[in-house]
Number of protein chains: 2
Amino acid sequence: MATRTRLDHQTRQHQIVEAARDLIASGGLDALTIRGIASKVGVTEAAIYRHVDSKEEVILLLIQEVEESLFHAISRATRSDRHALERLEHMLQLHVSYVELRQGISFIVIAEAAQFEEPKVRSAGRRLVEKYLSLVSEIIAQGIERDEVSKSVFPDAAAMIFFGMIQSAVTRWLFDPSTHPLGENAVSMWKLFRTSLEFSGEDSNRYSQEDGMN
Amino acid sequence: MATRTRLDHQTRQHQIVEAARDLIASGGLDALTIRGIASKVGVTEAAIYRHVDSKEEVILLLIQEVEESLFHAISRATRSDRHALERLEHMLQLHVSYVELRQGISFIVIAEAAQFEEPKVRSAGRRLVEKYLSLVSEIIAQGIERDEVSKSVFPDAAAMIFFGMIQSAVTRWLFDPSTHPLGENAVSMWKLFRTSLEFSGEDSNRYSQEDGMN
DNA sequence: GCCATGTTTGTAAACGTTAACTAACATAAG
DNA sequence: CTTATGTTAGTTAACGTTTACAAACATGGC
């Protein structure tokens with residue numbers, strides 16, 4: 001083994017989380033092992049423990065990374081001043097791209113965290129989901145204030161449906177990516193779901209039915 | 001070591017699947033071990049292999065059992081001749097009760113199967129999801145024929161939203177059952193979602209807005 | 001500039017535990 | 001007697017983690 005490479009703490013921790021992400025993406029949480037991480041990073045197992053206290057910390061760092069990258073990915077859609085339904089549609093689009101790019105790890109991580117025993121891991125996963133739902137809920141609530149969304153819509157319920165749409169699309173896509181393209185399924189669900197957010201007789205600000213994805 | 005109980009193949013296999021279900025329900029797929037099953041059944045590990053070829057077979061039997069029990073649980077809703085939206089609402093209600101009764105194992109099993117490497121396990125999980133979606137999709141398609149559901153609805157997309165509603169409700173519920181009651185979240189989502197299935201101007205057979213759950 | 005000292009980052013090898021699974025032998029039932 | 005259902009006692013392999021030691025790096029006193 002030729003030249004021994006020495007890298008600093010921060011870089012190594014980043015490499016560890018990246019390796020953890022890759023391992024989970026291609027084999028579920030079972031495939032996440034210290035051995036596997038060490039192998040991907042290119043150091044021995046013991047070296048991993050120089051930069052991380054335990055396997056649990058790896059998982060916590062991974063959840064944190066997923067949270068940051070996900071919210072960064074969809075941030076472009078949230079901060080605009082556009083119509084609430086346009087923002088949601090854009091957000092869905094960005095979220096789908098993110099999932100495809102990261103091979104679904106976000107939902108795998110959430111699913112695993114939900115059935116973990118460790119309280120820290122559970123609550124980290126829970127906070128991620130709740131933060132996402134709050135974001136969507138907030139957009140819808142704003143939409144109602146601006147008469148862009150029907151007053152009869154409960155923002156929380158709508159946010160959960162929105163989240164569920166992505167979840168069901170990802171589930172199918174994980175089983176068979178080729179026959180269940182993420183984007184197409186998401187778009188067709190959105191076209192249907194938005195009708196339940198739109199006005200239903202009442203006056204409202206317009207949201208064209210024919211713009212949007214595709 | 002009192003009376004040595006000897007039971008037949010079929011009974012033991014049933015006990016094994018039941019034990020597997022309990023283990024997963026209270027600790028995720030990590031908690032599913034041959035040791036754990038043996039302990040719950042009340043025999044030694046080696047005895048388990050008299051009735052099952054491998055751990056993989058346990059998982060396959062479990063998926064099969066989940067499929068059978070789930071479809072049996074919701075069958076009352078599907079075979080009726082009532083309004084399509086009533087059938088869906090009833091189905092949602094029964095599905096929620098089933099998930100609560102079985103502590104969410106159906107969705108845990110699906111989530112795990114989706115990231116398994118073993119092709120048999122993957123396709124068993126995939127078939128379960130597809131079968132469920134087909135069932136919902138079929139009900140909606142029938143509803144369209146009978147003018148109970150808007151013609152503009154795509155049955156496949158609607159079925160995925162329906163499935164996603166339950167999935168998101170279960171996800172939250174798994175994280176914190178007390179603050180996110182499954183039934184209540186499901187009902188509030190349904191109330192919103194059904195508006196996108198109903199007529200929107202066109203003639204249609206009536207579906208009262210005020211009957212249903214609660 | 002050089003070198004003694006302390007810290008960081010690495011390795012090799014092993015630890016104890018647990019996993020799935022198996023072979024050899026025992027015994028109840030038909 | 002034969003077969004199906006058990007047990008006891010083991011195997012092999014993988015896991016997370018730790019220990020003892022080495023090499024790279026930083027730095028303050030001379």
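Because the structure is predicted, anything quoted here is derived from the model rather than measured. Order of the sequence lines sets the chain letters (A, B, ...), proteins ahead of strands, with each chain counted from 1. Keep in mind that the numbers below use all heavy atoms, side chains included, and drop hydrogens, waters and symmetry copies.
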Q: Report the nucleotide, chosen from C:dA12, D:dT7, C:dT8, that has the shortest atom-to-atom distance to any side-chain atom of A:Ala46.
A: C:dA12
Q) Is any side-chain nitrogen or oxygen of A:Thr44 closer than 4.0 Å to OP1 or OP2 of C:dA12? A) no
Q) Rounded to whole angstroms, how far apart are CD on B:Glu45 and C1' on C:dA20? A) 8 Å
Q: Please round to the nearest 0.5 Å and tell me the distance separating atom CG of B:Asp22 and atom CD1 of B:Ile37.
A: 10.5 Å
Q | Whole-Å distance separating the NZ atom of A:Lys55 from the P atom of D:dT17 | A | 8 Å
Q: Taking the six-membered ring for Trp and the single ring otherwise, decide whether the centroids of B:Tyr132 and B:Phe163 are under 6.0 Å apart.
A: yes
**Q.** Between A:His180 and B:Glu130: side-chain donor-acceptor atoms closer than 3.5 Å
**A.** yes
**Q.** Minimum-distance nucleotide to A:Arg6 side chain [options: D:dG6, C:dC21, C:dT9]
**A.** C:dT9
Q.
Side chains of A:Thr171 and B:Gln167 only: does a donor on one sit below 3.5 Å from an acceptor on the other?
A. yes
Q. Considering only C:dA20, C:dT11, D:dT18, which nucleotide approaches the side chain of B:Tyr49 most closely?
A. C:dA20
Q | Main-chain N/O of B:Leu32 paired with B:Lys55 side-chain donor or acceptor, under 3.5 Å | A | yes
Q.
Just to be sure I understand the geometry, which residues of residues 24-39 of chain A put a non-hydrogen atom under 4.0 Å away from DNA chain D?
A. A:Leu32, A:Thr33, A:Ile34, A:Arg35
**Q.** A:Arg50, nearest nucleotide to its side chain (from C:dT9, D:dG6, D:dG16)
**A.** C:dT9
Q.
For B:His95 and B:Phe107, take the angle between the two ring planes, folded into 0 to 90°, and tell me which bin it lands in: parallel under 30, tilted 30 to 60, perpendicular over 60.
A. parallel
Q) To the nearest 0.5 Å, what is the distance between CG (B:Leu85) and OG1 (B:Thr195)? A) 10.5 Å
(Q) Expected output is a numbered-order residue list: members of residues 8-17 of chain B with a heavy atom under 4.0 Å from any atom of DNA chain D. What is it? (A) B:Asp8, B:His9, B:Arg12
Q. Would you say the side chains of A:Glu112 and B:Gln115 form a donor-acceptor pair under 3.5 Å?
A. yes
**Q.** OP1 or OP2 of D:dG6 under 4.0 Å from side-chain N/O of B:His51
**A.** yes
(Q) Quick check for you: among C:dC21, C:dG10, D:dT17, whose closest atom lies nearest to any side-chain atom of A:Ala47? (A) C:dG10
Q: Assess whether side-chain contact (heavy atoms from CB on, under 4.5 Å) is satisfied between B:Phe71 and B:Tyr98, documenting all intermediate values.
A: CA-CA 10 Å; B:Phe71 282 90; B:Tyr98 172 83; over 6 Å; no
